[in-house]
Amino acid sequence: MNVNIGFIGTGFMGAPIVKGIIKAGLVPADRIHVFDVDREKMKLLKDDTGVNIAADGREVTEKSDIIILAVKPNYVKEVLEDCRDKFDNSKILVSIAAGIPIKTYKNIIGSDKKVVRTMPNQPALVGEGMTIISYDSCITKEE
């Protein structure tokens, strides 16, 4: 895949997803940008995989085609409000935050923006899980 992927959140689910993408050869580490408020988590992930560390979620959004939001549901609004002006119609927001409808994301970043809501299960942490995916008409079949 010739895209840049960004991760906002590199904790319990974010870091394993990053590692899985790299291990599967989907996207090379140098095309992945990460940010987490826990700087130590970011450093460990960079040391382990070679991904790029970003200064904040705004930088991740700016440098990425696909932004994976891997934060707890109670942080979604705050994180997205901070970087909403970096979203344009070409970027895809993929959220793994449970229980938040697509409408909530669109209310923050714009109703015309591309949003995919996912729900990975815990076995995904070792590459053996499954993920439920939901999206609206802004996402094309190819995307």
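Position 1 is the first residue of the sequence, and the numbers go up from there.
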Compare all side-chain heavy atoms of [X] with those of [Y] and state whether any distance is below 4.5 angstrom.
{"X": "K46", "Y": "K43", "answer": "no"}
{"X": "D85", "Y": "R58", "answer": "yes"}
{"X": "Y105", "Y": "L69", "answer": "yes"}

Roughly how far apart are [X] [atom1] and [Y] [atom2], rounded to 0.5 Å?
{"X": "D136", "Y": "K103", "atom1": "CG", "atom2": "NZ", "answer": "12.5 Å"}
{"X": "K72", "Y": "F12", "atom1": "NZ", "atom2": "CZ", "answer": "8.5 Å"}
{"X": "K23", "Y": "T49", "atom1": "NZ", "atom2": "OG1", "answer": "14.0 Å"}
{"X": "K106", "Y": "D112", "atom1": "NZ", "atom2": "CG", "answer": "7.0 Å"}

What are the two closest heavy atoms between [X] and [Y], and how far apart are they?
{"X": "A15", "Y": "T10", "answer": "CB-O, 3.4 Å"}
{"X": "K91", "Y": "K114", "answer": "O-CB, 3.5 Å"}
{"X": "C138", "Y": "S111", "answer": "SG-O, 4.1 Å"}
{"X": "V34", "Y": "M42", "answer": "O-SD, 3.7 Å"}
{"X": "A70", "Y": "G14", "answer": "CB-CA, 3.8 Å"}
{"X": "A29", "Y": "I22", "answer": "CB-CD1, 3.8 Å"}

Working for side-chain contact (heavy atoms from CB on, under 4.5 Å), residues L80 and V76: CA-CA 6 Å; L80 287 181; V76 165; 3.9 Å; yes

[X] side chain to [Y] main-chain N or O, any donor-acceptor pair under 3.5 Å?
{"X": "N89", "Y": "K113", "answer": "no"}
{"X": "N4", "Y": "D65", "answer": "no"}
{"X": "T118", "Y": "S95", "answer": "yes"}

Derivation of the side-chain contact (heavy atoms from CB on, under 4.5 Å) call for E143 and I92: CA-CA 9 Å; E143 291 169 327; I92 300 172; 4.0 Å; yes

Cluster overlap V115 with I100, hydrophobic side-chain contacts below 4.5 Å: yes

Derivation of the side-chain contact (heavy atoms from CB on, under 4.5 Å) call for V37 and Y75: CA-CA 11 Å; V37 294; Y75 295 114; over 6 Å; no

side-chain contact (heavy atoms from CB on, under 4.5 Å) evaluation trace for D36 with L45: CA-CA 10 Å; D36 196 294; L45 188 59; over 6 Å; no

Sole candidate of D56, I108, T61 that passes side chain to side chain contact (heavy atoms under 4.5 Å, CB included) when paired with C83: T61

